[in-house]
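Counting from 1, the numbers follow the sequence of the chain as shown.
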Amino acid sequence: MHLQRALTSRNKADFLVELVQTVSGLLLVGFLWTHMLFVASILLGVEAFNTLAHFMEQFRLLDLAVIFIILTVSSHVGAVLRRIPGRWQEQKIVWRHAKIIKHQDTWSWLFQAVTGSALLLLIIIHVFTVVYVGIDSKLSADRVHSWMLWFYLVFLVLAEYHASVGLYRALVKWGFVQRHSLKRVLTVVTVCTIALGCISLWVFYSLGGSV
């Protein structure tokens with residue numbers, strides 16, 4: 001029903017942009033959760049984390065992950081920019097309407113746009129650090145212990161919030177699930193994922209300088 005409506009009410013270019021935004025967003029959410037599980041392997045011990053990191057380097061999975069991130073993030077940002085007002089006056093109108101309407105989903109969309117802009121910078125820093133510094137347990141623990149703890153905490157919260165809202169909007173937009181039940185499920189998933197990330201960061205922080 002929603003697919004037919006999209007094809008009849010929008011031109012093909014708009015539909016393709018919408019499709020690229022949805023698919024790239026879903027891929028990024030899946031990558032984020034997979035990445036969180038990789039980081040959480042430190043909970044199984046230094047040996048487990050290093051083994052997984054060595055496996056990724058041996059089979060050049062890290063290189064593939066970087067290429068995937070660059071292509072997928074670029075596609076997602078390009079599609080999203082077609083939906084966001086580019087002029088300051090248009091942006092002011094959107095914020096003014098959001099204040100008047102006071103609709104939760106509208107505010108979620110606005111905050112998603114803000115967090116998306118911040119995440120673009122954080123992703124660039126994170127990818128650069130991983131590629132040029134490394135990902136074994138000692139390097140990761142030293143980074144978290146010395147100067148990047150707050151960076152990763154902010155990155156974690158913003159990424160999970162952005163992913164949760166984006167997944168909610170994508171699934172509701174295409175009519176796959178009911179609005180209220182999905183909110184409850186995603187809230188639980190987001191809280192659990194952030195908690196897992198915080199615990200993993202605490203382990204790295206504790207290991208800093210001693211691994």
Side-chain angles (χ1 to χ4, degrees), residues 10 13-36 38-39 65-133 143-144 147-174 182-183 186-187 189-191 193-194 196-198 200-201:
R10 307 171 185 172
D14 286 340
F15 173 72
L16 287 176
V17 169
E18 192 76 34
L19 188 62
V20 168
Q21 179 181 342
T22 300
V23 173
S24 60
L26 293 176
L27 289 174
L28 288 172
V29 171
F31 181 86
L32 173 65
W33 288 347
T34 303
H35 179 64
M36 288 300 303
F38 167 76
V39 174
V66 171
I67 295 173
F68 172 84
I69 284 294
I70 293 174
L71 294 178
T72 311
V73 170
S74 299
S75 301
H76 193 68
V77 171
V80 169
L81 287 178
R82 289 181 60 100
R83 301 291 180 183
I84 298 178
R87 298 180 179 179
W88 171 242
Q89 293 298 328
E90 295 174 340
Q91 294 175 6
K92 287 176 62 177
I93 293 174
V94 172
W95 282 97
R96 189 182 306 121
H97 285 177
K99 292 179 181 179
I100 296 174
I101 296 174
K102 296 180 179 180
H103 189 258
Q104 184 177 356
D105 285 358
T106 302
W107 280 108
S108 296
W109 179 83
L110 289 173
F111 284 123
Q112 191 184 22
V114 173
T115 56
S117 301
L119 280 172
L120 183 59
L121 176 60
L122 296 178
I123 289 172
I124 293 174
I125 296 174
H126 178 58
V127 170
F128 180 85
T129 302
V130 169
V131 169
Y132 287 96
V133 180
R143 283 200 301 269
V144 173
W147 62 281
M148 293 194 74
L149 175 61
W150 289 106
F151 171 86
Y152 284 125
L153 283 173
V154 172
F155 195 4
L156 171 66
V157 174
L158 292 185
E160 289 302 329
Y161 172 84
H162 191 83
S164 178
V165 174
L167 186 58
Y168 166 79
R169 292 180 58 82
L171 295 179
V172 170
K173 181 190 304 180
W174 296 99
L182 180 61
K183 277 188 176 181
L186 288 179
T187 298
V189 171
T190 300
V191 171
T193 308
I194 291 177
L196 180 63
C198 288
S200 301
L201 285 174

Rounding to 0.5 Å, atoms CZ (F68) and CG (L28) come to a distance of 6.0 Å
Residues 123-131, side-chain donor-acceptor partners within the protein, below 3.5 Å, at least two apart:
| unit_1 | atom_1 | unit_2 | atom_2 | d |
| --- | --- | --- | --- | --- |
| T129 | OG1 | I125 | O | 2.8 |

Residues passing the side-chain contact (heavy atoms from CB on, under 4.5 Å) test with I70, sequence neighbours excluded, are V66, S74
Across all chains, not counting sequence neighbours, the side-chain hydrogen bond (donor to acceptor under 3.5 Å, both in side chains) partners of S200 are none
d(H162 NE2, L167 CG) to nearest 0.5 Å is 11.5 Å
Sorted by chain and residue number, the side-chain contact (heavy atoms from CB on, under 4.5 Å) partners of T190 (sequence neighbours excluded) come out as E160, S164, I194
Between the CD atom in Q21 and the CG atom in L26, the distance rounded to the nearest 0.5 Å is 10.5 Å
Value for CG (L186) from CG (L171), rounded to nearest 0.5 Å, stands at 7.5 Å
For T72, the side-chain hydrogen bond (donor to acceptor under 3.5 Å, both in side chains) test, sequence neighbours excluded, returns none
Across all chains, not counting sequence neighbours, the side-chain hydrogen bond (donor to acceptor under 3.5 Å, both in side chains) partners of S75 are none
What one should report as the nearest heavy-atom pair of A163 and L32 is CB-CD2, 3.7 Å
One should read off an interatomic distance between L201 CG and F151 CZ, to the nearest 0.5 angstrom, of 11.0 Å
Heavy atoms of T34 and G30 approach each other most closely as OG1-O, 2.8 Å
When every non-hydrogen atom of S24 is compared with those of H76, the smallest separation belongs to OG-ND1, 2.9 Å
In short, Q112 meets R169 closest at the heavy-atom pair OE1-CD, 3.3 Å
Residues at least two apart in sequence or cross-chain that pass side-chain hydrogen bond (donor to acceptor under 3.5 Å, both in side chains) with T22, listed by chain then number, are W174
When rounded to the nearest 0.5 Å, the distance separating CG of L27 from CG of L71 is 11.0 Å
Closest non-hydrogen contact found for L156 with C198 is CD2-N, 3.7 Å
With side-chain contact (heavy atoms from CB on, under 4.5 Å) as the test, would you mind laying out the steps for R143 and Y152 before giving the verdict? CA-CA 10 Å; R143 283 200 301 269; Y152 284 125; 3.7 Å; yes
